[in-house]
Number of protein chains: 2
Amino acid sequence: MTLRDVSEASGVSEMTVSRVLRNKGDVSAATRAKVQEAAKLLGYVPNRIAGSLASSHVNLVAVIIPSLKNMVFPEVLSGISDELDESVLQPVVGVTGYRPEKEEQVLFEMLSWRPAGLIIAGLEHSDASRAMLAQAAIPVVEIMDVDGAPIDSCVGISHRRAGHEMAEAILRAGYRRIGFLGTQMPLDHRARKRFEGFTRTLAKAGIEIEGQEFYAGGSALVKGREMTQAILDRHPDLDFLYYSNDMIGAGGLLYLLEKGVDVPGKIGLAGFNGVELLDGLPRKLATMDACRREIGMEAARMIKARIAGQGEPGKIMTMTPRLELGQTLIRS
Amino acid sequence: MTLRDVSEASGVSEMTVSRVLRNKGDVSAATRAKVQEAAKLLGYVPNRIAGSLASSHVNLVAVIIPSLKNMVFPEVLSGISDELDESVLQPVVGVTGYRPEKEEQVLFEMLSWRPAGLIIAGLEHSDASRAMLAQAAIPVVEIMDVDGAPIDSCVGISHRRAGHEMAEAILRAGYRRIGFLGTQMPLDHRARKRFEGFTRTLAKAGIEIEGQEFYAGGSALVKGREMTQAILDRHPDLDFLYYSNDMIGAGGLLYLLEKGVDVPGKIGLAGFNGVELLDGLPRKLATMDACRREIGMEAARMIKARIAGQGEPGKIMTMTPRLELGQTLIRS
DNA sequence: CTGAAAGCGCTAACAG
DNA sequence: CTGTTAGCGCTTTCAG
């Protein structure tokens with residue numbers, strides 16, 4: 001089923017059929033009707049592969065994320081998808097599993113489709129990846145993080161600053177014996193930066209983290225419980241626990257409440273991400289919103305603008321996450 | 001940057017360069033090396049648009065799902081993505097927002113890329129959608145649901161049966177005054193089928209649902225709390241609540257535990273999906289696993305097989321969800 | 001093992 | 001407003 005079929009069925013030249021189907025150029029109402037009828041009758045679906053090759057315009061936006069298992073990324077994707085929905089652009093998603101080699105491979109695959117733009121999570125990329133992007137010469141928006149040197153545009157939050165602000169709030173509230181619980185993911189740069197921002201701020205106040213606990217795999221809620229128990233077994237005097245994400249934080253919160261521990265009196269808690277789930281917990285966990293949906297939407301907007309020839313390259317947009325004290329961090 | 005550039009840089013014909021880059025046909029080691037060096041030096045990324053047009057082989061698998069906001073679908077996607085990872089196939093995702101018109105539109109868009117196969121959620125599609133799929137003549141796998149007539153292949157669970165089995169377990173445990181809490185989504189056919197299977201089985205036992213509550217939007221956990229309160233306000237005598245998904249069920253569970261209600265003695269609870277989250281709750285909610293990841297992986301496997309010319313068309317695979325009684329449904 | 005010719009299905013550019 | 005011509009960048013096919 002090709003344009004030629006529609007052309008023959010309607011008695012109109014292929015070129016004019018093409019114009020009708022793309023709403024491009026002036027075509028008389030009569031011809032237009034004939035063509036549309038023939039196309040519908042035949043159930044013609046244009047071949048974008050041929051179309052894109054001929055026009056060298058591709059309506060694809062490549063999106064590269066580390067994972068689909070962590071709800072954070074589907075939320076970003078959802079923002080991108082919703083925003084692109086109002087345009088002709090279509091997202092194509094690739095998943096790297098947090099692995100740089102895989103990122104390179106996925107990037108290569110995606111670029112081979114000659115997308116009109118690219119959205120990619122994080123600022124850390126291999127030299128090979130950077131080289132590919134430079135060659136591709138398409139608008140690139142790096143998302144989620146702004147702590148570093150973007151290739152082109154960038155929208156996200158400062159995770160270092162997020163860690164820093166949480167540390168300040170904790171200190172301000174008077175907590176001093178602080179533990180950290182996180183994921184065993186050396187390649188999660190954003191978690192690492194939050195940790196750095198956090199510990200550096202504590203250090204400036206002359207405080208060092210008294211205990212740490214890391215996990216990998218499994219149900220985050222369960223792991224949060226287990227880690228909380230473990231860290232308190234080893235460091236019973238801790239008066240605050242900072243979790244690298246809300247799910248393990250929620251697990252810890254549930255565990256402590258069951259134990260009858262006074263939260264936030266005896267021990268304070270905080271997580272990170274601002275997941276909706278927290279609203280339904282018995283007590284609201286302190287957290288910091290990562291602006292996931294907004295980041296996705298803004299990235300999509302930037303790409304749209306650039307493709308439309310409007311936005312400037314190199315634009316950096318820093319979102320400011322709200323600190324939400326909830327009910328697990330004493331107000332100061 | 002085209003094949004021609006690599007050809008000129010390496011002094012090898014375009015055709016042979018093409019063969020090297022695709023590992024196709026016999027090429028001497030010497031030529032191969034020359035070509036690979038030139039390609040790497042230039043940072044050449046093949047143009048799959050041209051390649052696909054010329055060969056009429058497209059390594060894309062279209063995946064159409066209702067939403068990214070409900071964790072269920074990213075989980076299925078993740079299964080598909082992981083399974084396709086070991087092949088040359090690449091998933092391309094489209095989102096319908098549960099709207100049939102949007103599904104048609106997304107399907108049209110996707111088919112215009114001439115994917116090698118299609119995975120689509122659900123068995124309910126408009127006539128136009130079915131017509132497009134028929135014309136496309138590619139392997140189609142409908143997923144998540146098996147209650148209906150598939151277009152081609154199909155892998156999922158019977159939601160009617162899931163509702164039926166849960167009803168049986170509830171009756172067996174001796175509960176009689178039953179309430180239902182679900183989403184306000186007339187187009188979520190799977191939720192509807194569970195409800196049908198559930199009520200039909202109750203009816204056979206001479207029992208009718210005594211109260212219902214529906215929600216739309218907002219945090220499911222919070223809504224679960226609110227709905228639970230609301231339904232019990234209106235029907236204080238209910239002794240069982242069946243939730244159409246685990247998140248609202250978890251909200252209900254937390255609410256009742258806080259109230260000091262005897263679960264499952266005074267009132268029993270059950271959800272649906274088998275989300276990992278449940279493992280970390282104070283009490284484990286009864287549920288039924290929807291086999292989300294497995295369905296994704298199996299669908300991807302079916303597509304791979306079909307594209308490789310192996311699998312039979314029309315294969316239907318019914319997964320059997322495990323009933324997990326947890327600690328909110330009295331054992332019988 | 002290597003190359004030349006032809007064309008995938010469509011659209012840009014130009015001519016009427 | 002409509003049609004013709006010439007590719008887009010690659011691969012198929014066939015010839016050496």
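Residue numbers begin at 1 in each chain, while the letters A, B, ... track the order of the sequences.
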Donor-acceptor pairs under 3.5 Å, side chain of residues 31-44 of chain B to any protein atom, not counting sequence neighbours: which ones?
unit_1, atom_1, unit_2, atom_2, d
B/Thr31, OG1, B/Ser28, OG, 2.4
B/Arg32, NH1, B/Asn23, OD1, 3.3

Near DNA chain D, which residues from residues 9-20 of chain A have a heavy atom under 4.0 Å away? A/Val12, A/Ser13, A/Met15, A/Thr16, A/Arg19
Residues of residues 31-48 of chain B with any non-hydrogen atom less than 4.0 angstrom from an atom of DNA chain D: list those, numerically ordered, please. B/Tyr44, B/Asn47
Taking distance alone, no hydrogens or angles, what donor-acceptor pairs closer than 3.5 Å link side-chain atoms of residues 55-63 of chain B to residues at least two apart or in another chain?
unit_1, atom_1, unit_2, atom_2, d
B/Ser55, OG, B/Gly51, O, 2.9
B/Ser55, OG, B/His57, N, 3.2
B/Asn59, ND2, B/Val88, O, 3.1

For A/Lys315 and A/Glu298, which heavy atoms make the closest approach, and how far apart are they? NZ-OE2, 4.4 Å
A quick test of your reading: do over 12 heavy atoms of other residues, nucleotides or ligands sit less than 6.0 Å from CZ of A/Arg130? yes
Could you give the distance from CD1 (B/Ile120) to SG (B/Cys154), rounded to the nearest 0.5 Å? 12.0 Å
The correct set of residues in residues 104-114 of chain B placing a heavy atom under 4.0 Å from DNA chain D is none
Which is more 5' along DNA chain D, the nucleotide nearest B/Leu3 or the one nearest A/Val27? Just name the residue. A/Val27
For a quick test of reading the model, state the closest non-hydrogen atom pair linking B/Ser129 to B/Glu103 and the distance between them. OG-OE2, 4.0 Å
Are any side-chain N or O atoms of B/Ser7 and backbone N or O atoms of B/Leu3, one a donor and one an acceptor, separated by less than 3.5 Å? no
Start and end of the DNA chain D segment that chain B contacts, any atom under 4.0 Å from a heavy atom: D/dG9 to D/dT12
Tell me the interatomic distance from A/Leu53, atom CG, to C/dC10, atom P, rounded to whole angstroms. 12 Å
Using a 4.5 Å cut-off on heavy atoms from C-beta on, say whether the side chain of A/Pro66 contacts that of A/Met185. no
Mind calculating the distance between CG (B/Asp26) and C1' (C/dT2) to the nearest angstrom? 11 Å
Among pairs that include at least one residue of residues 64-85 of chain B, which meet salt bridge (charged side-chain N to carboxylate O under 4.0 Å, His left out), considering only residues two or more places apart or in two chains? A/Lys69-B/Asp82, A/Asp82-B/Lys69, A/Lys102-B/Asp85, B/Glu75-B/Arg292, B/Asp82-B/Arg293, B/Glu83-B/Arg301, B/Glu83-B/Lys304
What contact category does B/Ser56 fall into here, base, sugar-phosphate, or nothing, at under 4.0 angstrom with non-hydrogen atoms? nothing
Any side-chain N or O of A/Arg22 below 4.0 angstrom from OP1/OP2 of C/dA12? yes
Inter-end axis angle, the helix from C/dC1-D/dG16 to C/dG16-D/dC1, with every axis fitted to five base pairs (rounded, 10 degrees): 30°
Taking it one step at a time, do B/Val72 and B/Ile65 satisfy side-chain contact (heavy atoms from CB on, under 4.5 Å)? CA-CA 10 Å; B/Val72 167; B/Ile65 54 175; over 6 Å; no
With sequence neighbours excluded, tell me which residues meet salt bridge (Lys or Arg N to Asp or Glu O under 4.0 Å) with B/Arg99. B/Glu101
What's the spacing between A/Asn47 CG and A/Met1 CE if we round to 0.5 Å? 12.0 Å
Which residues pass the salt bridge (Lys or Arg N to Asp or Glu O under 4.0 Å) test with A/Arg192, not counting sequence neighbours? A/Glu196
Whole angstroms only, please: what is the NZ-C1' distance between A/Lys24 and C/dC14? 16 Å
With B/Asp188 via side-chain hydrogen bond (donor to acceptor under 3.5 Å, both in side chains) - residues at least two apart: none
Check the distance between C/dT11's C1' and A/Arg4's CZ and give it to me in whole angstrom. 15 Å
All N/O donor-acceptor pairs, side-chain side in residues 142-151 of chain A, below 3.5 Å, sequence neighbours left out:
unit_1, atom_1, unit_2, atom_2, d
A/Glu142, OE1, A/Ile151, N, 2.6
A/Glu142, OE2, A/His125, NE2, 2.9
A/Asp145, OD1, A/Asp147, N, 2.9
A/Asp145, OD2, A/Lys193, NZ, 2.5
A/Asp147, OD1, A/Ser158, OG, 2.9
A/Asp147, OD2, A/Ser158, OG, 3.3
A/Asp147, OD2, A/His159, N, 3.1
A/Asp147, OD2, A/Arg160, N, 2.9

Atom pair CG (B/Leu118) and OG (B/Ser153), whose distance is rounded to the nearest 0.5 Å: 11.5 Å
